[in-house]
Trainee: 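After the structure tokens below, expect a handful of questions from me.
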Amino acid sequence: MRQARHRAVMDVSAPRRGNLPWSRRGALGRLCLAGLLLAILAPRTWTTEDDARWDPPIDGTFLGIRGAIDDGVFRVALVNPGGAAHLAGLRRGDAIVRLAGRAGFADFDEFRRIVGSLEPGEPTTAVVSRGGSELDLALVPDHGAFRDFFVIVDRIRTSRFTRGLDTTPGAIEAILEEDATRLRRADRWSAAYEILNRSIGRLRVSHAAVVPPWTYERIFLAGPTDAGSHRPGIVLAALESEESSPRPAFFVLTVLDGSPAARAGLRRGDEIVRVNERPTAESPRRTLAGYEFWRPYYVLQVDPGEELALDVRRTRGGELEDVRVVIDEPISELAATRESVSTLVRDGRRIVSIHLWDFLSPRLPALVKTALTEGAASDGLLIDLRGRGGKVSVLEQVLELLRADPRPRVLLIDRDTRSAKEILADALLGSPRTRLVGERTAGAVLPASFRSLSRSAALMFPADPRVIERLVGDRQLEGVGVSPDIEVEVSLPYSGGADPIRDRGIDALLALIDEATRRARF
């Protein structure tokens, strides 16, 4: 009797029992439970088990083929070049008659269960029917991270934008050879994400990165919302250090205003030596912050109600300090922006200062308008543009507000000012009442799109650059950045929270205010 034909062409990828993937549903469940406990319990202390769960072993088995079940065999419709099936010699059009000693596949789910029972890296046999003959092929399955690997390769190959890049052919070759070899040796998801980020980073364009699950959920999705998310509120930069050689050292790059990290007293330039008594380089809490490969930035994963124990070094060669960060309430970039608003008085001049942490929330323009209005009696504006970018629609509204304000202004920029913030800085560059102070910006202005990966991770990928053409015209900002009017030399390690860009920006703004006052007199 002829078996039913399963027409859907599907990827052959299956989880292995015992390694359940991190899921959004599970994360939300933990959030709800922790929220209930917060009302009655003191902050939870960490345990070894708590830390280990943040970096699980790589789950799943992946063969790198697509196809359908027909008459009890698996008909191969696609073979990923460089994948396990391709290396075994499988071709499009082959029929897998027997896999790991089992034959007569009732449907796709049964075939997938068989694949899921295979052990990545352990050879098995696939019996293949080809041209009237049967072949025994030695097949070594890959682990589940290869599903994401080939999503990246396919996106690079099919994107109209990347097809036109000179770097694409060489990038694909290096990804399939060098990165595939590295990925096969990885056993934990943190290592897999580092390798996958390197792969997409070979294109050498901005907004090309792998965003791990926690980062995507807590920062990219929940961060811009009114509710925010539970997190420490710091970004760490990985830098080479003689003291930590051969491993990198991890320094606090940014601290969100009003965040748990800020309340705990962490400052820019502090070295985070250990997290919960483990070296930061080995901590399962550490995960990629969602930047390009050549910007090795990290965040620390937490749940609501936790207390992180950090060993912090504030001076070169100094003693370690015990800093406890309590994750007691959610934070957002919008709330941090609101927290940053202040009025400074310098030499009798009043200055409105605001740090625009990102341009993602649609409520940001109203916040900026309120800050400018309530500070209407001030003499000048200090606008901090350091950090992530945001949406073009939000950028345009903020730009309109700043252009309409007649007061002298200074924009603070650095090498991590990116995306929409670079476009704003470029749009105001050259105005007689504007000065840009700091470092050349990141040169990362391509629009971004997102595609889901396994475990609720995401692939950030450049979108059609024509979206921003009306804002930047023929000016080349991608890969170039915006140069400041006043350049400031900055050093991160052990800087003790010092902010030379801000200090120089205040001086520059006072000079602009004095200049405007003299012009008004005459």
Side-chain angles (χ1 to χ4, degrees), residues 337-338 340-359 364-387 389-390 392 394-415 417-442 445 468 470-475 477 480-488 490 499-522:
T337 297
R338 186 182 296 111
S340 76
V341 177
S342 63
T343 299
L344 312 176
V345 178
R346 296 289 191 275
D347 298 339
R349 306 294 191 180
R350 294 173 62 85
I351 297 170
V352 171
S353 173
I354 180 171
H355 191 148
L356 303 179
W357 280 101
D358 67 25
F359 287 170
L364 179 66
L367 192 161
V368 173
K369 183 176 182 179
T370 299
L372 297 182
T373 301
E374 292 181 351
S378 67
D379 303 294
L381 308 176
L382 187 69
I383 311 296
D384 198 332
L385 296 179
R386 292 175 288 182
V392 170
V394 177
L395 150 71
E396 290 181 304
Q397 294 178 68
V398 173
L399 179 58
E400 183 179 352
L401 289 170
L402 293 179
R403 278 176 167 162
D405 195 295
R407 288 169 286 187
R409 60 192 169 227
V410 162
L411 310 180
L412 306 182
I413 59 176
D414 67 5
R415 67 189 64 185
T417 299
R418 57 189 287 118
S419 193
K421 292 183 181 178
E422 292 184 87
I423 296 174
L424 185 144
D426 179 69
L428 296 176
L429 180 66
S431 167
R433 55 192 173 91
T434 302
R435 294 291 183 274
L436 270 59
V437 176
E439 302 172 302
R440 181 186 291 272
T441 61
V445 298
I468 61 170
R470 60 187 174 83
L471 293 171
V472 300
D474 58 358
R475 296 186 300 283
L477 297 183
V480 176
V482 180
S483 296
D485 297 301
I486 301 172
E487 190 167 356
V488 179
V490 178
D499 194 345
I501 291 179
R502 180 179 173 85
D503 294 342
R504 186 66 183 87
I506 293 174
D507 291 340
L509 183 54
L510 292 175
L512 272 180
I513 294 171
D514 289 343
E515 182 181 333
T517 302
R518 287 194 298 270
R519 285 201 304 267
R521 289 174 181 169
F522 298 101

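When a residue number appears, it is its place in the shown sequence, counting from 1.
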Trainee: Of all heavy-atom pairs between Ala425 and Leu385, which one has the smallest distance, and what is that distance?
Mentor: CB-CD1, 4.2 Å
Trainee: Test your reading of the model: is there a side-chain donor-acceptor pair from Ser340 to the backbone of His355, 3.5 Å cut-off?
Mentor: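 Judged by distance alone, yes, a pair lies under 3.5 Å.
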Trainee: Nearest heavy-atom pair of Pro484 and Gly438: which atoms, and what distance?
Mentor: CG-O, 3.4 Å
Trainee: How long is the span from the CG atom in Asp499 to the CG atom in Leu412, to the nearest 0.5 Å?
Mentor: 7.5 Å
Trainee: Which value, rounded to the nearest 0.5 Å, describes the distance between Leu477 atom CG and Thr441 atom OG1?
Mentor: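 Result: 7.0 Å between the selected atoms.
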Trainee: Tell me the salt bridge (charged side-chain N to carboxylate O under 4.0 Å, His left out) pairs involving residues 366-384, sequence neighbours left out?
Mentor: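 Those involving residues 366-384 are Asp384-Arg386.
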Trainee: Under the rule for side chain to side chain donor-acceptor pair (under 3.5 Å), what residues qualify as partners of Asp503, not counting sequence neighbours?
Mentor: none
Trainee: Could I get the full list of side chain to side chain donor-acceptor pair (under 3.5 Å) partners for Ser342, not counting sequence neighbours?
Mentor: none
Trainee: Looking only at heavy atoms, which two atoms of Asp358 and Leu364 are closest? And how far apart?
Mentor: O-CD2, 3.2 Å
Trainee: Work out which heavy atom in Ser419 is nearest to a heavy atom in Gly389; give both atom names and the distance.
Mentor: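 Scanning both residues completely, I find the closest heavy atoms to be CB-CA, 3.8 Å.
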Trainee: Kindly indicate whether the side chain of Glu422, heavy atoms from C-beta on, has any atom under 4.5 Å from the side chain of Ile413.
Mentor: no
Trainee: Taking salt bridge (charged side-chain N to carboxylate O under 4.0 Å, His left out) as the cut-off, I'd like each qualifying pair that reaches into residues 427-439, sequence neighbours left out, listed once.
Mentor: Arg415-Glu439
Trainee: Can you confirm whether Arg350 is buried at CZ, in the sense that more than 12 heavy atoms of other residues, nucleotides or ligands lie under 6.0 Å from that atom?
Mentor: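 Counting neighbours around CZ of Arg350, 12 or fewer heavy atoms of other residues, nucleotides or ligands fall under 6.0 Å, so no.
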Trainee: Do any pairs count as a salt bridge (charged side-chain N to carboxylate O under 4.0 Å, His left out) and have a residue in residues 404-414, sequence neighbours left out, and if so which ones?
Mentor: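 Passing the test, one end in residues 404-414: Asp405-Arg407.
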Trainee: Could you give the distance from CG (Asp507) to CG (Leu512), rounded to the nearest 0.5 Å?
Mentor: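 Those atoms lie 11.5 Å apart.
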Trainee: So if I apply the side chain to side chain contact (heavy atoms under 4.5 Å, CB included) rule between Lys421 and each of Leu424, Ile423, Thr417, which one comes out positive?
Mentor: Thr417
Trainee: Verify side-chain contact (heavy atoms from CB on, under 4.5 Å) between Arg475 and Val445, making sure each step is shown before the conclusion.
Mentor: CA-CA 11 Å; Arg475 296 186 300 283; Val445 298; over 6 Å; no
Trainee: Nearest 0.5 Å please: distance from the OG atom of Ser353 over to the CD1 atom of Ile383.
Mentor: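 Separation between the atoms: 7.5 Å.
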Trainee: Is there side-chain contact between Leu428 and Leu399, with at least one heavy-atom pair below 4.5 Å?
Mentor: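 Yes, at least one pair of side-chain atoms sits under 4.5 Å.
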Trainee: Quick one: pull up CG in Leu436 and CG in Leu411 and give me the separation to the nearest 0.5 Å.
Mentor: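 Nearest 0.5 Å value for the CG-CG distance: 5.0 Å.
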Trainee: To the closest 0.5 Å, what do you measure between CG (Leu356) and CG (Leu402)?
Mentor: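 Interatomic distance, Leu356 CG to Leu402 CG, rounded to 0.5 Å: 7.5 Å.
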Trainee: Could you pull out all residues at least two apart from Val488 that satisfy side chain to side chain contact (heavy atoms under 4.5 Å, CB included)?
Mentor: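 By the side chain to side chain contact (heavy atoms under 4.5 Å, CB included) rule, Val488 matches Val437, Val490, Pro500, Ile501, Arg504.
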Trainee: Locate the shortest heavy-atom distance separating Val394 from Pro365; write the atom from each residue and the value.
Mentor: CG1-CD, 4.0 Å
Trainee: Could you walk me through whether Ile354 and Leu367 satisfy the side-chain contact (heavy atoms from CB on, under 4.5 Å) test, starting with their C-alpha distance in whole Å, then the side-chain angles of each, then the deciding distance to 0.1 Å, before giving a yes or no?
Mentor: CA-CA 10 Å; Ile354 180 171; Leu367 192 161; 4.0 Å; yes
Trainee: Determine the minimum heavy-atom distance between Ser378 and Val352, stating which atoms define it.
Mentor: OG-CG2, 3.2 Å
